[in-house]
Each structure stands twice: as C-alpha cells, then as structure tokens.
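Here is the structure we will look at, set down as structure tokens.
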Amino acid sequence: MTQNIYNSERITWLAGEVVRHKRLYYTGTPEIPDVDFDRLETELLKLSPNHPVLKMIGSKESESGNQKVTHDPPMLSLDKTYELKDLYSWANDREVLGTLKVDGTSMSLVYLNGDFSLAKTRGNGREGEDVTSKLKWVADAVPSIVEKLPFEVRGELYCSESNFVKLADEMVALGLDRPSSPRNIVAGVLGRKSHGELARYFNFFAFDILGLPGFKTEIQKVQWLGKNGFRLPEPQLLKSPQDLDAYLTHVKALMAEDEVGCDGAVFSYNNLALHNELGMTSHHPRYKISFKWQGQTARSKIVRIDWATSRLGIVTPVAVIEPVDLSGATITNITLHNASHVRAYNLKAGDFIEVVRSGEVIPKFLSVVTPGSGDFEWPKSCPSCGGDLVGDDVRLKCLNQSNCSAQKAGAVLNWIRAVGIDDLSDKRLQSMMDLNLVEVCCDLYNLTVEDLLTLPSTKEKMAQKLFDNIQKSKTVPLPMFLNGLGIEGAGQTTWEKLLEAFPSLEQIRTATTEKIAAVDGFAERSAQQIVDGLARNSSLIDQLLKAGVSPIVAEVDLGVARPLESMIFVITGELERPRKAVEDMIKRAGGRVGTSVSKTTSVLITNETESNSSKMVKAKALGLEIWSENMLVTKISSHHDGLN
Ligand SMILES: [Zn+2]
C-alpha cells in the first residue's frame, strides 16, 4: 500500500518533469542532459506504461502552431549497442553499409513531381509535426531532382559547429535568446512560430528513400540519393570487421574535429532482400543497428580562458576549469576550438558548463548550464610575441609570422609529430629552442649526442635514445614528410590523394595549380594553397634532403606490382619505426592492417619472435606467417627501388 502511494506521487512528479523538460528542450534551452531526460522518461514508462505524457509529441506543447502528421510506415527507432563485439556478431561477416550517426532531429521529406512538398519531424515515430514552411529554407532539402514519381526521403536535420556560430550571432542580433548548443537549436527553431528563416543554417543528411521500386541494395539507394543532389552521411560499403574498425576510426576523427556533431555510426545490411526476410521487432528493425561510444558528461566551472598561438599563427582558446572526473580521468582543460566559439557561447570565467567525453576522444565542451556574469573577451595582442592580431568571422591570427616563437615552435612540433620522433616532447623542444639548438625542423638532424646532453634532465642514455630516434625518422613515407611541412589546408590524406596523381616528391613540387585542380576532389583555391605552400617551403625541403632525410615512395603508379596486395597484417609489440609509418608502408604496398588475429589474417608483424603474447600464440595456432619489421621492409622494397 505504502508502495502504491509512493508510486502515485512519484508518477505525478515524473510526469511534470517530463513535460517541463520537453518544453525546455523544444525551446532550445534544456536544463538537463539528454541522458538524464531519458532516465526520467524510462522510469515513468516503467511505473505507468500508458501515461498520456509519454504519448505527447515533441513541440506540440511548445505552442509552435505546427500541425500533426502521421508516418506510414512508422519511423522506428534503432537498436543500439555500445559494444564492438555486439556489432561484429550482428554484422556476422555480412556486407553492411556504414553511415554517420548525426545528433540532430530525424525528419521525413516528401517529394511530388520532383518538388519538395512536405516535411515531417519524427515525433513519436507514428506521428510527427508538419514543418514544411521551415524546411523550405534548408538548401539540402530542395535539391534539383529529376525523378517525377512521388517519393519520401528520411534523414537527419542538423546544425554544424561553424553554422551554429553564425546562427548564434544572428539570433543575438535579432534580440532572441542565445541558443545553448547545435544539438538543441534544431528542435528549437522547428518549434518556433516565427523566424523560420533561421533554418537556413541547417543541413540535411539523407539516409533512406521510400516509395520507388527497383532497389536491391542499400548502396544503390544512397547512390540514387547522391545523384539527385542530396547530402549523404559519408556512406561506405564494409565487408569485414577490419572495415568496420576503419570506418569507426574515421568517425572518431570526425568527432574530434567537432564540425559535424556525430556521436557514432549506423550500420545496415546491404542486401535489401535480407531486410524483408528479417523484418522487425515491435521496437526496431533487425537489419539496422547504431553504434555509439558510451559518452559521459560532467559539469564544472570555467576558472579562466587561456589563449595560445598555433604554428599557423591562429590564436586559440582553452578553458581552464575546476578539476572534474570524467571517464576515469581528471579534466582541467577543455579546448574551445576558435575565437568565434567563445563569442557564439559567450564563454567567460564563472560560466558553469557541461563537458562530454566519448569514444576516447579528448573531452569537449558541450553547453553552458548557468552563465556567469559579464561578456566574453578576446585578447588584444598575440599571447606569445605581443604582435598585432587580425580577426575574421571565425579566427584570430597573429601577423608576426617570422618572429613569433609560438609559431616557430609549433612548426617544428608539427614535423616531430608527423614523422613520429619518440621521446621528443614539446617541453624538450622548447628547451632546444631556448638554447638556440633548433630553429627550424631540419636543425634536428644536425644535433649531436653532445648537443642533446646540454638539455635539462637529459642523461647519456636519454641523449643517445633521442639521437637514435631523430636519425630513425630520416626514413619516412612521403605523405608523412609532406604533412610534416605543415602546409595550411593540406593534411596527410590530402597528400596521399595527390601522390596518386603525382607519385614522387619531384612531381609534386613541380605540379602547377591547373594540374592539381584537375585532380578529383581539389578545387582551384586549395590547389593554389598547396602550390604556394610548397614554394614557400622549397628551401626547407632542400635542407631536409641535404640533412639526409629520405622520403620513401612505394607507389602503384610507378608501374610496380603491389607486393602486399590483398594481404591482412596484424602488428604486435614494439617497433623500431613509428607504428604509423609501418602501417602506412603496408597500406601503400596494397596490404591492409587489422587489429586482431583471426583466420583472415595473413601475417603477424613482430620484433619479439620469441614472445608468448596472446596474438603470437593465436597466430602460431592458426599457422600464420610471422615476419619481423625488417623482413616486411625487405619484402616491400625488393619489389621496387623503395627509397627515393
Ligand atoms: Zn605571435
């Protein structure tokens, strides 16, 4: 009896909280994180499964004036997992399509006679809201479509980080409340009665098409969507656990960049016949699953905001916060990306903020919970050299390029990380620069053991180790060499792509803007940036070559067979070269790198051939070949000249 009285009080309280937080969410000013809201809703569902509050749809209560509309078939939610092993066993070596899982609002868009005619929010899956007037502002929702038959596209509406910055500026200028985060503002704008034009800052990722016949696979569907001008959530066909791993690694990198708010990936069996065969449970389809990293959030107060100058002169903010525990680590710093981020969220000392960490990505700022008093401030001059700063819409930049020590140190550190010199921390580098031993990266290769002994707390053994590590980095794959130059707008994948068209250092150095722009995926502007960057670094490249640095070219385009074609390698134990360099060598020679030993593995790479590690035991049991690092290098280089 007591239990029942308690329950009914609890139910009343829960229902009130669910309604209140739902309202706050749809006006873009949530007070609690989504996980806490889910907890409230789940508890209510348990105590009172048929409570009317649970059937209440999103922004109906926010007085948006939006009409209710139904979904046929319903927009089911997806089964989700946080465990890799569950994902592998679900995939079970079937061919699957991977797409990004984006944190926005799920939508259904209907097209008649090639024209966009209706937009519906997901709502509770069976019934959503008509938000057509708002979606008319979203460029991605109204591509030019050739298809004349009626069809429906399902996908996710979201706000990118850079668009959020512009949107926040505009809302403040319009006298509206400052939005709290890109995740919440999408629902916030859709739930508004006025200012539907703010939806023009949103993007729409299309992931499914309904109503048209003839598709046999998921990939055919996304190809059709792509052809008709829809934006795609980076779909990729995956055929093995290794492919799944590689895709998730890519998703993690995107999460770290933080431009598109993705928090995992969605996987779907490619074969549509399987979809029909497997069908669905009462809650979700069996042929589709979402994978998320268990994210943890915590709250803390900003103590101050520190600004630091990067190698390209960009002055970036870091929030120093009161120490807080998050996923087993104590967090004291949170990167804030760029100056515009500080302005968009009006960040300053005294703000009580929420931070999140998932997928082992570095913790990041999520939202302001309770703002402190006053307004944000930008630094007046470069925190490193005191030079003048210029600001565009997004960033602050130090103009004192030739004499800013932070920029110089950043450039050398970029080289050290790109080519992978172990034990050379930024602190050690700073000492080298303070002692005038190093000014640019090629100076590293003129250092003697005696020079290194002059560094603070560096004894003979460490000096020798550092010297060896520096010398080892002289042999480096060409894309890493180029990446080490730190040319703006060109990362390692850019160089890898360019090397397919210009397969040697000489060819890349002499390529013209026109020739680079002719390569698929390169616009004229980025081609110009690359040509200018290479020209500016011309004497540095010569000095590096003269100092004995030799970039390795292992390329198909040289007319050489790919010696490791279709072989899968697993690496274990310590290597002489940086692990990344070895992985790159394997990939460039046509091989693939896996994470665990299985019967699909071809070779185990290890320098500890006598070890009894689990990978080694398994490899022996499976009768796999076991190569040392040097054997691998010999196998690759015996097929071509190897060194350039
Ligand atoms: Zn400066």
Side-chain angles (χ1 to χ4, degrees), residues 161-162 165 257-258 302-321 332-345 347-349 362 365 375-419 421 424-444 455-456 482-491 525-526 528-530 532-541 543-544:
E161 195 61 44
S162 50
V165 167
E257 264 174 36
D258 210 16
I302 299 182
V303 177
R304 62 171 194 277
I305 292 177
D306 282 348
W307 297 81
T309 309
S310 77
R311 69 187 165 87
L312 297 168
I314 314 298
V315 181
T316 53
V318 171
V320 178
I321 60 173
T332 52
N333 290 307
I334 293 286
T335 172
L336 298 176
H337 302 296
N338 53 49
S340 67
H341 209 77
V342 169
R343 184 184 58 205
Y345 294 90
L347 294 170
K348 62 221 166 281
I362 48 165
F365 164 82
D375 282 319
F376 76 94
E377 265 178 48
W378 280 358
K380 308 254 178 309
S381 59
C382 173
S384 170
C385 68
D388 287 341
L389 297 179
V390 285
D392 55 20
D393 277 349
V394 182
R395 312 181 298 186
L396 285 172
K397 193 169 180 175
C398 165
L399 292 177
N400 190 12
Q401 201 178 3
S402 56
N403 238 330
C404 181
S405 62
Q407 293 189 48
K408 284 183 171 177
V412 182
L413 197 61
N414 175 67
W415 172 266
I416 291 169
R417 290 188 177 149
V419 303
I421 304 177
L424 223 178
S425 62
D426 50 349
K427 216 170 136 199
R428 269 213 173 91
L429 172 65
Q430 199 52 58
S431 311
M432 289 177 178
M433 299 190 92
D434 292 345
L435 292 165
N436 289 322
L437 290 171
V438 171
E439 205 190 341
V440 285
C441 62
C442 61
D443 297 337
L444 292 169
L455 298 174
L482 291 164
N483 189 28
L485 301 172
I487 291 171
E488 192 169 4
R525 194 175 151 266
S526 56
Q528 188 65 50
Q529 235 178 357
I530 287 162
D532 292 348
L534 284 167
R536 218 175 314 118
N537 282 282
S538 186
S539 79
L540 179 64
I541 296 173
Q543 286 174 63
L544 282 165

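Whatever order the structure lists ligands and atoms in, that order sets their numbers, starting from 1. Basis for what follows: all heavy atoms, side chains included, without hydrogens, waters or symmetry-related copies.
Within the protein, the number of N, O or S atoms lying under 2.8 Å from the Zn ion (ligand 1) is 4.
Between His341 and Tyr345, the two ring planes are tilted [angle within 30° to 60°].
Side-chain contact check for Asp426 and Gln430: no donor-acceptor pair (N or O, by modelled atom type) lies under 3.5 Å.
Counting heavy atoms from C-beta on, the side chains of Leu437 and Asp443 never come closer than 4.5 Å.
Panel note: side chain Trp307, backbone Pro379; no donor-acceptor pair is recorded below 3.5 Å.
A salt bridge links Glu439 with Lys408: the closest approach of a Lys/Arg side-chain nitrogen to an acidic carboxylate oxygen falls below 4.0 angstrom.
Here CG of Asp532 is found 11.0 Å from CG of Asn537. Values are rounded to the nearest 0.5 Å.
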